[in-house]
Amino acid sequence: MKNKILKMEFFNRPTLKVARGLLGKFLVHQFPRRSALNLRNSARREISAMITEVEAYIGLKDRASHASRGKTKRTEIMFGKSGRWYIYLVYGMHYCLNIVTEKENYPAAILIRSVKIGDKEIKGPGRVSKYFQINKKFNGKFADEKTGLWIEDRGVKINPRDIKRGKRIGVDYAGTWKDRLWRVYLTK
DNA sequence: AGATTGATCCAT
DNA sequence: TGGATCAATCTG
């Protein structure tokens, strides 16, 4: 089957459904050609890996979500169109890569926490961003070929029995919202 | 367990 | 405008 880039319709749905759907899909970062001269011998460089763990952040009331403080310069992307990247620096060190979901004006996004390349798993959102060379320049851009960073279906079928869910990581400040089972991950 | 690190947000 | 906070990771 031909690799299929996920379009806005995929993300413009209930966030938990999208989150489960992202497991087994592939994150792809394709670098631009350096120059026309290099075209022949330089295959376009590409980093890709299968998504194995994500977390959902859903709505204004979710106190674990940045959007719970309302629309600000930083969070306005979460209120915008789905299928765009939401990227922020956390703890002054690590970039976190999120994809915006749901309809406009309903703030929601999914954090990509882990990916797998062959047998090697990259665990943790900071490590994922480092491996994929993510920085804030992608913030607010659509996840498509033009941006050079997207998610695609490579035909991997995921058995629902291989999906587990758990509490989100690092959100103990979020009151009762910390206990929502909005982290989903593959067990094999 | 403790250090690191800087953007963000809100109360002075 | 200052200071607490933070969707994490590394080292010991």
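Both backbone and side-chain heavy atoms feed into the values below; hydrogens, waters and symmetry mates do not. Please read all numbers here as calculations on a predicted model, not as lab measurements. Sequence lines set the chain letters: A, B, ... in the order given, protein chains first and strands last, and positions in each chain run from 1.
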Legend entry - Side chain proximity check, Asn98(A) to Ile87(A), heavy atoms < 4.5 angstrom: no

Would you give me the side-chain donor-acceptor pairs under 3.5 Å for residues 25-32 of chain A, sequence neighbours excluded?
unit_1   : atom_1 : unit_2    : atom_2 : d
Lys25(A) : NZ     : Gly21(A)  : O      : 2.8
His29(A) : ND1    : Phe132(A) : O      : 2.7
Gln30(A) : OE1    : Arg44(A)  : NH1    : 3.4
Gln30(A) : NE2    : Glu46(A)  : OE1    : 3.0

Inset, instruction - Without swapping roles, check the side chain of Thr75(A) against the backbone of Gly70(A) for a donor-acceptor pair under 3.5 Å. - result: yes

Legend entry - Residues Lys178(A), Asp172(A): salt bridge by 4.0 Å N-O rule: no

Inset, instruction - Could you encode protein contacts along nucleotides 7-12 of chain C as a string, one character per nucleotide from 5' to 3', using B for base contact, S for sugar-phosphate-only contact and - for no contact, with a heavy-atom cut-off of under 4.0 Å? - result: BBSS--

Inset, instruction - Examine Arg13(A) relative to Phe10(A) and say whether NZ or CZ is less than 6.0 Å from the centre of the six-membered ring and inside a 45° cone about the ring axis. - result: yes

Legend entry - Bracket notation of DNA chain B in which parentheses pair within the strand, [ ] cross earlier pairs, and | pairs with another strand (Watson-Crick or G-U, under 3.5 Å): ||||.||||||.

Legend entry - NZ/NE/NH1/NH2 to OD/OE distance under 4.0 Å, Glu76(A) and Lys71(A): no

Inset, instruction - Calculate the interatomic distance between Ile77(A) atom CD1 and dT8(B) atom C1'; express it in whole Å. - result: 14 Å

Legend entry - Asp62(A) and Arg168(A) ion-paired at < 4.0 Å: yes

Legend entry - Euclidean distance, atom CG of residue Leu89(A) to atom P of dC9(B) [Å, nearest integer]: 13 Å

Inset, instruction - For Glu104(A) and Tyr106(A), test the side chains for any donor-to-acceptor distance below 3.5 angstrom and give the result as yes or no. - result: no

